[in-house]
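Structure first, commentary second.
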Amino acid sequence: MSSSAMLLRRVVVIARASSSAVMGRIVVGGGGGGGGGGRAVETTTASSPRRTMTTIGPTGGPSSDHERFISEELYPEEETEGEWVGCYLKFLPPISTYSRGIEILYNPLFNKSSAFKGGERDRLRFRGLLPPRKMNLKVQKERALIEIRAEPDMIRKHIILEDIHDTNETLYHRILIDHMDEMAPIIYTPTVGQACSEFSVLYRRPRGMYFSAEDRGHMAAMVYNWPQNDVRVIVVTDGSRILGLGDLGINGMGIPIGKLSLYCAAGGIAPHRVLPVVLDVGTDNPALLKDKFYLGLQRPRLQGSAYYQVVDEFIHAAVHRWPNVLIQFEDFSSDKAQTILNKYRNDVLCFNDDIQGTGATTLAGILGALRAKGESPTSLGDQRILIAGAGSAGMGVAQVLYQAMIEHGRSPMEAKNCFFVADERGLLAKDRLARLSPEQANFARDDDGGLSLREIVNKYKPTMILGMTAVGGLFTEDLIRDMARHCDRPIIFPLSNPTSKAECTAEQAVSWTDGRCIFASGSPFDPVEMENGQMFYPTQCNNMFVFPGIGLGVTLCGAKTVTDRMLYVAAEALANYLSGEELALGKVFPNLSTIRDVSKKVAVAVIEEAIRTGQSSKLSEKELCDLDAFVQSKMYDPIYVPLIEKRTITI
Ligand SMILES: NC(=O)C1=CN([C@@H]2O[C@H](COP(=O)(O)OP(=O)(O)OC[C@H]3O[C@@H](n4cnc5c(N)ncnc54)[C@H](O)[C@@H]3O)[C@@H](O)[C@H]2O)C=CC1
Ligand SMILES: CC(=O)C(=O)O
Ligand SMILES: [Mg+2]
């Protein structure tokens with residue numbers, strides 16, 4: 001083709017780009033095809049909290065191969081600084097930085113590695129510090145997937161992914177978003193359990209902050225060591241109950257890191273706005289106390305007021321530097337978890353994921369299960385609910401289900417009567433009131449204290465059994481067969497994590513109930529082929545389905561606190577997400593691949609609730625008309641944007 005013909009085609013391409021803005025050689029907007037409506041991209045600088053919003057047009061595809069050929073020839077991909085969508089190059093607002101040279105390559109928030117374009121390599125002074133051939137995000141992802149998939153061992157896969165996390169956050173989150181089904185078990189439960197157990201020996205690079213008992217009196221200053229001004233979400237643990245693995249001390253850092261990866265990938269919070277934290281108050285794990293490679297303080301855990309002072313100092317320091325930050329308490333042992341939540345929940349934007357997040361998620365799963373049985377949500381108050389495990393998770397679930405029953409018109413007494421809560425000493429009843437926490441005492445039965453799980457099943461014929469004991473295999477064949485004898489479609493939720501702690505497996509539940517159970521588990525299980533050849537698809541009842549959306553919602557609307565009603569509407573949004581087809585397949589939670597959309601729906605529900613109840617300080621009624629599009633526009637989408645020197649251009 002002659003160069004004049006090529007030029008002519010270029011003019012046509014530009015002219016077709018309706019409402020296009022043209023900046024240099026970059027065309028904004030797309031032709032036909034794509035999803036209609038503009039999309040807003042939010043950019044931020046890692047070193048500065050300033051943001052720009054630029055609306056870009058519909059993502060139209062190329063109208064012909066010919067057109068694509070011409071455009072790409074004019075603007076070779078490896079040299080243009082934008083994102084190719086078919087034959088169009090989308091304009092992307094640049095990020096400006098004070099960093100230069102090698103510093104940028106070592107900053108995972110900025111680094112694009114082989115995807116840095118020639119212009120950037122010159123502007124930011126690292127030409128020659130990278131191999132010359134340029135790749136794009138797609139090719140980099142393809143290469144990373146080959147490496148991850150070639151590795152059979154889950155912990156090795158985890159190490160590869162976390163290595164990408166530590167070197168290139170854009171690529172890491174792109175991989176998570178595009179392959180959530182495959183990646184969640186690697187970065188989250190069950191593999192994160194092993195990653196925590198081996199955290200000190202696997203430790204490579206710093207991520208997050210540690211506040212130890214030795215830092216008392218310094219925390220208000222220490223928080224300024226964190227390089228980001230705009231932290232929106234902190235996940236904090238004291239490492240005292242990591243999944244069902246017990247006290248792992250600072251090795252529990254893997255949990256805030258994993259949860260925050262989900263905040264970014266599923267909840268659309270930009271990675272420079274999240275901060276994983278461990279409070280190192282010692283450990284009572286005898287193996288760690290004498291492990292020469294353990295990286296935390298080797299002393300018994302602080303107790304009493306000394307312990308609560310550390311928590312208090314940290315919270316005040318964090319809120320002082322980042323006044324609007326959401327603090328998510330995670331994996332605190334049950335003797336402290338509720339006390340801490342009660343102390344801060346009315347004054348600080350915070351929630352406890354194990355208590356409240358698990359409660360909301362399990363409520364959603366139960367509402368889904370009732371739908372699958374052809375029952376209405378109000379039938380929740382007709383259920384007989386056996387909860388095995390009276391810790392944070394068990395009592396959190398009991399409280400949220402109880403509130404939902406009240407919401408649906410049951411009296412407190414009627415609602416309480418639905419519950420049978422048991423721990424390792426059997427059914428909780430008034431005979432041991434003196435040794436129960438207020439939350440446990442609320443659900444103590446009048447009689448039958450100490451009945452075993454099987455005795456409860458055979459006497460009270462529960463319609464569901466929920467496991468939050470961290471005791472792998474607790475749901476025995478006899479127990480589940482008894483459940484199935486008394487109930488046509490028993491709901492069986494072994495929720496303990498990681499997989500080794502699940503009270504039973506999907507295969508066991510299906511086989512012992514002859515395929516009649518409605519099942520969901522905390523950690524993932526593979527589909528099961530039933531005797532009749534039909535497939536059974538277990539889904540995951542894990543708080544990952546609500547916490548990213550709750551975080552996105554409360555931070556976007558500037559909520560002052562996280563209310564019980566916000567958790568309730570989050571559960572409803574999750575339950576409503578399920579389609580009839582999914583329910584027919586036995587699924588009570590959506591596929592993980594939809595988690596980003598689920599999180600958006602949860603965020604919308606939370607924001608609506610905040611606006612309705614006057615909890616929202618940033619959004620008002622007028623934003624309600626297209627909240628879905630608003631939330632979508634605010635969600636972090638990992639793509640490479642051009643980097644420029646801060647000194648040269650300010651955005
Ligand atoms: N799927 C999900 O989203 C979530 C799952 N979990 C899981 O739930 C489990 C429990 O977590 P927490 O409540 O924080 O722990 P926890 O240690 O506070 O509570 C465990 C409870 O189980 C009871 N228990 C122990 N042995 C028992 C037995 N043989 N029979 C009946 N009860 C027994 C204990 O007495 C205690 O009440 C963990 O494995 C955790 O990973 C926790 C939060 C969310
Ligand atoms: C999922 C979760 O938060 C836990 O197992 O603790
Ligand atoms: Mg947890």
Side-chain angles (χ1 to χ4, degrees), residues 184-185 188-190 192-193 196 235-248 252 254-256 258-260 262 328-338 341 351-365 386-400 420-428 432 435-437 439-440 443 450-457 465-476 479 493-503 520-525 538-548 571 574 589:
Y188 191 55
T189 186
V192 72
C196 286
V235 175
V236 57
T237 186
D238 68 353
S240 53
R241 192 286 279 149
I242 294 299
L243 304 179
L245 304 171
D247 180 351
L248 295 188
I255 289 292
K259 295 264 175 188
L260 286 165
L262 291 172
Q328 173 170 318
F329 299 112
E330 191 69 50
D331 290 7
F332 283 71
S333 58
S334 295
D335 58 325
K336 313 265 180 6
Q338 188 75 50
L341 177 63
F351 73 106
N352 182 297
D353 186 36
D354 301 296
I355 299 175
Q356 298 166 287
T358 314
T361 309
T362 309
L363 169 61
L386 172 49
I387 298 182
S392 316
M395 297 325 301
V397 168
Q399 288 171 71
V400 172
F420 303 86
V421 180
D423 63 10
E424 74 264 45
R425 301 178 60 200
L427 186 64
L428 264 53
R432 44 176 170 129
R435 276 166 292 150
L436 299 180
S437 69
E439 293 72 30
Q440 291 170 328
F443 291 95
L451 283 193
S452 70
L453 293 179
R454 256 194 104 186
E455 286 168 335
I456 300 170
V457 167
I465 182 165
L466 316 174
M468 283 155 281
T469 59
V471 181
L474 181 71
F475 294 174
T476 58
L479 179 74
F493 284 7
L495 299 184
S496 293
N497 298 314
T499 317
S500 60
K501 304 291 179 185
E503 285 80 3
S521 51
S523 294
F525 283 106
T539 47
Q540 224 178 315
C541 176
N542 192 294
N543 47 34
M544 72 196 291
F545 276 112
V546 295
F547 69 74
L574 173 56
F589 285 92

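Values in this document were obtained by computation on a predicted structure and should not be read as measured data. In each ligand, atom 1 is the first atom listed, and ligand 1 is the first ligand listed.
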> Hey, does N497 have a side-chain heavy atom less than 4.5 Å from the side chain of N542?
Replying inline: yes
>> At under 4.0 Å between heavy atoms, is it the side chain or the backbone of D354 that contacts ligand 2, or both, or neither?
In response: side chain
> For ligand 2, which atoms have a heavy atom of E330 less than 4.0 angstrom away?
Replying inline: 3 (O)
> Considering only heavy atoms, does Q540 approach ligand 2 within less than 4.0 Å through its side chain, its backbone, both, or neither?
Replying inline: neither
>> Please list the nearest protein heavy atom to atom 5 (O) of ligand 2 with its residue and the distance rounded to 0.1 Å.
In response: N497 ND2, 2.8 Å
>> Taking 4.0 Å as the limit for heavy-atom contacts, which would you say applies to K501 with ligand 2: side chain only, backbone only, both, or neither?
In response: neither
>> Within the 4.5 Å heavy-atom criterion, are D354 and R241 side-chain neighbours or not?
In response: yes
> What's the shortest distance from atom 9 (C) of ligand 1 to any protein heavy atom, and which residue and atom give it?
Replying inline: S496 OG, 3.5 Å
> Which residue owns the protein heavy atom closest to atom 3 (O) of ligand 1, what's the atom, and how far is it?
Replying inline: N543 N, 2.9 Å
>> Please work out, at 4.0 Å between heavy atoms, whether the side chain, the backbone, both, or neither of Y188 comes within that distance of ligand 2.
In response: side chain
> Nearest to atom 37 (O) of ligand 1, what protein heavy atom do you find, and at what distance?
Replying inline: A390 N, 2.9 Å
> Quick one: does D331 get an N or O within less than 3.5 Å of an N or O on ligand 2?
Replying inline: yes
> Would you say D354 has any N or O atom under 3.5 Å from an N or O of ligand 1, going by distance alone?
Replying inline: no
>> What do you get for the angle at the Mg ion (ligand 3) between OD1 on D331 and OD1 on D354, to the nearest 10 degrees?
In response: 90°
> Is L243 near ligand 1, meaning one of its heavy atoms is under 4.0 Å from it?
Replying inline: yes
>> To check your reading of the model: name the closest protein heavy atom to atom 5 (C) of ligand 1, its residue, and the distance in Å.
In response: L495 O, 3.1 Å
> With under 30° as parallel and over 60° as perpendicular, where do the rings of F493 and F589 fit, or are they tilted in between?
Replying inline: tilted
> With no hydrogens and no angle check, is any side-chain donor or acceptor of Q440 less than 3.5 Å from a backbone partner on A390?
Replying inline: yes
>> Main chain of C541, side chain of S521: is a donor-acceptor contact present, judged purely on distance under 3.5 Å?
In response: no
> Does R241 come within less than 4.0 Å of ligand 1, judged by its heavy atoms?
Replying inline: yes
> With respect to the Mg ion (ligand 3), what is the nearest N, O or S atom of E330?
Replying inline: OE2
> Taking non-hydrogen atoms only, is L453 closer than 4.0 angstrom to ligand 1 via side chain, backbone, both or neither?
Replying inline: neither
> Any idea which protein heavy atom is nearest atom 20 (C) of ligand 1, and the distance to it?
Replying inline: M468 O, 3.6 Å
> Hey, which of P190, P494, S523, S496 is the one that makes side chain to side chain contact (heavy atoms under 4.5 Å, CB included) with K501?
Replying inline: S496
> Which bit of T358 gets closer than 4.0 Å to ligand 2, counting heavy atoms only: side chain, backbone, both or neither?
Replying inline: neither
> In terms of atom number and element, which parts of ligand 1 are under 4.0 angstrom from non-hydrogen atoms of S334?
Replying inline: 14 (O), 16 (P), 18 (O)
>> Would you say that V192 contacts K259 through its side chain, given a criterion of any heavy-atom pair below 4.5 Å between the two side chains?
In response: no
> Which bit of T469 gets closer than 4.0 Å to ligand 1, counting heavy atoms only: side chain, backbone, both or neither?
Replying inline: both
>> Below a 4.0 angstrom heavy-atom separation, can you tell me which part of V471, side chain or backbone, both or neither, approaches ligand 1?
In response: side chain
>> Please list the nearest protein heavy atom to atom 44 (C) of ligand 1 with its residue and the distance rounded to 0.1 Å.
In response: T358 OG1, 3.0 Å
> If you measure from each non-hydrogen atom of M544 to ligand 2, which part falls under 4.0 Å: side chain, backbone, both or neither?
Replying inline: neither
> Donor-acceptor pair, S334 side chain versus G391 backbone, under 3.5 Å?
Replying inline: no
>> If we set the cut-off at 4.0 Å for heavy atoms, which region of C541 has an atom near ligand 1: side chain, backbone, both, or neither?
In response: backbone
> ligand 1 versus E424, non-hydrogen atoms closer than 4.0 Å: side chain, backbone, both, neither?
Replying inline: both
>> Check whether E330 reaches the backbone of V236 with its side chain - one donor and one acceptor, N or O, closer than 3.5 Å.
In response: no
> In the protein, what heavy atom is nearest to atom 29 (N) of ligand 1, and what distance, to one decimal place, separates them?
Replying inline: L474 CD1, 3.5 Å
>> Regarding T361 and N543, do their side chains bring together a donor and an acceptor under 3.5 Å, going by distance alone?
In response: no
